[in-house]
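Notes follow the structure.
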Amino acid sequence: MAHPAPAPDPAALRARWREALLAAREGAPGPDPDPDPYAEDLLRRWSEPRRRYHTTAHLTAVLDHVDTLRAHAGDLAAVRLAAWFHDAVYLPERSENEERSARLAVRALTEAGVPEARTAEVARLVRLTVTHAPGPDDRDGAVLCDADLAILAAPPEAYAEYAARVREEYAFVPDEAFRTGRADILRQLLALPRLFSTPHGSEAWEDPARRNLRAELDLLTS
């Protein structure tokens, strides 16, 4: 069983949320001048006990990767907000998590005073994480998807911990069924012409990610 990493500092995450939300408002005052209640709801969701990989540590990592890729984004505020919402609703036994997360984003951001067009863009980006397949001109989609998949390129020890935590989240699935399903997912990823869409992702993350995926697939099928 993977050992939980220290939880990220909630105060630091609240500050990052506040920065993203205020930037998304474009200087307009929101109905509620205090953005912290929205952060509290999201942090509560990301801290649910059943989560093992999709935790505040994953949220922090995705936000960090978005910052790494920020030069490739067209609407950085929307991408940052989409990172906050992309796994806000997460039940591993359900297939509509992204849709429910997108609807949560629409409700919360509308209430928080984010302009309608940007709110719609956040929801679109959240839904894109179903496939992680942005179009060739979708700069913001490329940034969010690459940031979410960057764990695939982690050092082997960190990748192994990620894989173990994913298995813990699917503890309700029998071993043989999990191995078969996980192996199918890995084969699908390896069959893609590319895993990452941004220039940085392609250069820095593509090769190590494929090595990690092949190694995990070998373990599952040996």
Side-chain angles (χ1 to χ4, degrees), residues 1-5 45-62 65 82-105 123-135 138 141-198 201-202 205-222:
M1 178 178 293
H3 298 289
R45 292 172 179 275
W46 282 94
S47 301
E48 291 163 337
R50 64 176 169 269
R51 296 178 184 238
R52 293 296 182 268
Y53 170 65
H54 295 87
T55 64
T56 55
H58 172 60
L59 169 62
T60 301
V62 173
H65 292 312
W84 273 92
F85 282 98
H86 82 284
D87 282 320
V89 178
Y90 185 74
L91 292 168
E93 68 274 18
R94 305 286 289 271
S95 61
E96 69 275 16
N97 290 316
E98 293 84 1
E99 179 59 32
R100 293 176 67 198
S101 294
R103 292 177 182 176
L104 174 66
R124 182 190 73 82
L125 291 170
V126 171
R127 292 185 175 103
L128 187 59
T129 61
V130 174
T131 62
H132 291 95
D138 186 358
V143 169
L144 180 64
C145 291
D146 280 16
D148 194 26
L149 294 180
I151 183 61
L152 301 181
E157 297 82 2
Y159 181 90
E161 183 177 358
Y162 144 74
R165 291 187 182 190
V166 170
R167 179 64 184 107
E168 289 176 14
E169 286 188 336
Y170 285 85
F172 59 90
V173 179
D175 284 343
E176 187 59 33
F178 180 83
R179 283 195 296 270
T180 298
R182 180 72 177 172
D184 287 345
I185 291 172
L186 298 178
R187 291 189 187 97
Q188 291 168 13
L189 289 170
L190 287 166
L192 294 173
R194 61 179 185 174
L195 296 166
F196 299 100
S197 300
T198 63
S202 296
W205 297 336
E206 186 79 24
D207 290 344
R210 289 187 178 275
R211 286 195 296 270
N212 284 331
L213 293 171
R214 285 192 292 268
E216 184 185 359
L217 182 58
D218 288 344
L219 284 173
L220 289 171
T221 57
S222 60

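All heavy atoms count here, side chains included; hydrogens, waters and symmetry mates do not.
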- Quick one: does Ser222's side chain have a donor or acceptor within less than 3.5 Å of a partner on Leu219's backbone? yes
- How many angstroms lie between atom OG of Ser101 and atom CG of Leu125, to the nearest 0.5 angstrom? 13.0 Å
- Task: Go through Arg179 and Glu176 one step at a time and tell me if the salt bridge (Lys or Arg N to Asp or Glu O under 4.0 Å) criterion holds.
- Result: CA-CA 5 Å; Arg179 283 195 296 270; Glu176 187 59 33; 2.6 Å; yes
- Looking only at atom types and distance, does a side-chain atom of Arg51 sit under 3.5 Å from a main-chain N or O of Arg45, one as donor and one as acceptor? yes
- Check Ala142 against Ser197 and note the closest heavy-atom contact, atom names and distance. CB-CB, 3.7 Å
- Item | Side chain Thr55, main chain Arg52, donor-acceptor under 3.5 Å | no
- Message: Give me the atom names and distance for the closest heavy-atom approach of Leu128 to Pro134.
- Response: CD2-CB, 3.9 Å
- Could you check Glu99 against Arg127 for side chain to side chain contact (heavy atoms under 4.5 Å, CB included), going step by step and ending with a plain yes or no? CA-CA 6 Å; Glu99 179 59 32; Arg127 292 185 175 103; 2.8 Å; yes
- Item | Spatial distance of atom OG1 (Thr221) from atom CG (Leu217) [nearest 0.5 Å] | 4.5 Å
- Separation between CZ of Arg211 and CG of Leu152, rounded to the nearest 0.5 Å: 13.0 Å
- Item | Partners passing side-chain contact (heavy atoms from CB on, under 4.5 Å) against Glu206 (at least two apart in sequence or in another chain) | Arg194, Leu195, Phe196, Arg210
- Task: Please name the pair of heavy atoms, one in Val126 and one in Phe85, separated by the smallest distance, quoted to 0.1 Å.
- Result: CG2-CB, 4.0 Å
- Task: Name the orientation class of the two ring planes belonging to Tyr170 and Phe172 (parallel below 30°, tilted from 30 to 60°, perpendicular beyond 60°).
- Result: tilted
- Item | Side-chain donor-acceptor contact under 3.5 Å, Thr129 with Asp148 | no
- Item | Main-chain N/O of His54 paired to Glu169 side chain as donor or acceptor, under 3.5 Å | yes
- Note on the structure: Taken in chain and number order and not counting sequence neighbours, the residues that satisfy side-chain contact (heavy atoms from CB on, under 4.5 Å) with Leu91 are Arg50, Glu93, Arg94, Asn97, Arg100
- Message: Can you classify the ring geometry of His58 versus Tyr53 as parallel (below 30°), tilted (30 to 60°) or perpendicular (above 60°)?
- Response: tilted
- Message: Measuring from atom CZ of Arg182 to atom CD of Glu216, what distance do you get when rounded to the nearest 0.5 angstrom?
- Response: 4.0 Å
- Note on the structure: By side-chain contact (heavy atoms from CB on, under 4.5 Å), Glu157 pairs with (sequence neighbours left out) Pro155
- Message: Looking at every non-hydrogen atom in both residues, tell me the closest pair between Ala83 and Val62 and how far apart they are.
- Response: CB-CG1, 3.8 Å
- Task: Mind checking the CG-CZ spacing from Leu144 to Arg124? Nearest 0.5 Å is all I need.
- Result: 9.5 Å
- Item | From CG (Leu189) to CG (Asp184), nearest 0.5 Å | 11.0 Å
- Task: Please report the shortest heavy-atom distance between Gly201 and Asp146, naming the atom on each side.
- Result: CA-OD2, 3.9 Å
- Query: How close do Tyr159 and Leu186 get, heavy atom to heavy atom, and via which atoms?
  - Reply: OH-CD2, 4.1 Å
